[in-house]
Amino acid sequence: MIRLQDVDMNLLVVFQLLYRERKTQAVADELGLTQPAVSHALRRLRNLLGDELFERTSRGLRPTPYAERIAEPVNYALATLHESLNIRDIFDPASSTRNFNLAMTDIGEIYFLPKLMVKLAELAPGVSLSTESESALNLKDAMESGAVDLAIGLLPQLGAGYFQRRLFEQHYVSLMRKGHPLAKGAYGVDEFIAAKHAVVIAAGTGHGQVEELLARSGVPRFVQLTQPHFVAVPYIVSAMDLVVTVTNKLAEATMERFELVMRPHPIDLPRVQINMFWHRRFHQDAGNRWLRGLIFEMFAE
């Protein structure tokens with residue numbers, strides 16, 4: 001049996017980073033050590049645990065089955081210890097110059113950022129934000145390492161190891177310009193079929209799943225424009241007789257400025273719950289607590 005008094009905590013930190021990075025040089029750089037020092041720590045840990053832990057391959061280190069089994073408990077134990085030692089951490093938003101990195105879709109940027117940036121200018125003028133596209137990241141690794149502080153959206157891939165808090169539920173609507181022939185009067189499935197459409201293929205997002213449902217619904221559409229992002233949608237549909245399926249939050253955020261009309265969607269589409277996520281390693285981080293509290297206060301319904 002391995003006794004805790006026989007375990008050097010630094011070896012577990014090395015193990016955690018090797019499991020994440022899969023390269024000894026990357027771990028050495030992060031810890032400010034030499035590569036031989038990391039290799040020596042790995043040898044000590046192998047001797048202590050009686051397992052190779054990592055095997056060298058052409059693509060870096062590959063964890064053994066034993067390493068896979070202990071990775072999550074080790075991460076949890078180190079995260080709990082980190083939180084406990086930093087529980088008195090203080091964050092003063094008025095004087096902080098911290099940068100927070102948020103992961104969200106472009107719909108999220110359109111809906112959240114204008115109001116959030118105004119509020120930050122009022123409460124925390126030195127705090128800055130950066131955003132990343134959810135689909136462009138290895139989101140789990142980015143949040144575990146702290147490269148991303150919070151993620152907002154429909155993110156079923158974030159399971160064990162992540163806290164989440166519900167913000168609101170959104171539904172899908174049809175968006176079109178005020179002068180569109182369908183902006184008034186009857187608007188059902190027949191009118192939807194007869195219209196020309198713009199479609200956003202947002203791969204890896206909840207909206208991408210909705211477009212797949214529409215495609216499989218058997219309801220034909222003439223798609224005149226296909227694009228990967230939502231940010232250009234208001235500009236395009238305000239200038240042409242196109243109908244686009246979007247969330248009610250995007251419609252509400254752009255209708256007045258672009259003179260658009262939102263109509264109930266004629267197809268029965270699932271509602272989408274939008275949550276805020278953070279990794280349990282940073283559950284007690286004072287800055288993270290403050291920002292997620294602010295977002296919840298501003299946007300939760």
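This chain uses plain numbering: 1 for the first residue, then up along the sequence.
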Is there side-chain contact between [X] and [Y], with heavy atoms separated by less than 4.5 Å?
X    : Y    : value
L120 : L294 : yes
V272 : Y172 : yes
R177 : D241 : yes
T24  : L18  : yes
F91  : R289 : no
S238 : L260 : yes
Q224 : M240 : yes
F54  : T64  : no

With a 3.5 Å distance limit and no angle check, can you tell me whether [X] reaches the backbone of [Y] through a side-chain donor-acceptor pair?
X    : Y    : value
N248 : H171 : yes
Q227 : H229 : yes
R165 : M276 : no
H197 : F192 : yes

*Can N101 and S130 be counted as having a side-chain donor-acceptor contact under 3.5 angstrom?*
no
Thinking salt bridges, do [X] and [Y] make one under a 4.0 Å N-O criterion?
X    : Y    : value
R20  : E30  : yes
D149 : R98  : yes
E52  : R46  : yes
R263 : E191 : no

*Aromatic rings Y111 and F168: how do their planes relate, parallel, tilted or perpendicular, breaks at 30° and 60°?*
perpendicular
*Going by the angle between their ring planes, with limits at 30° and 60°, are W278 and F163 parallel, tilted or perpendicular?*
parallel
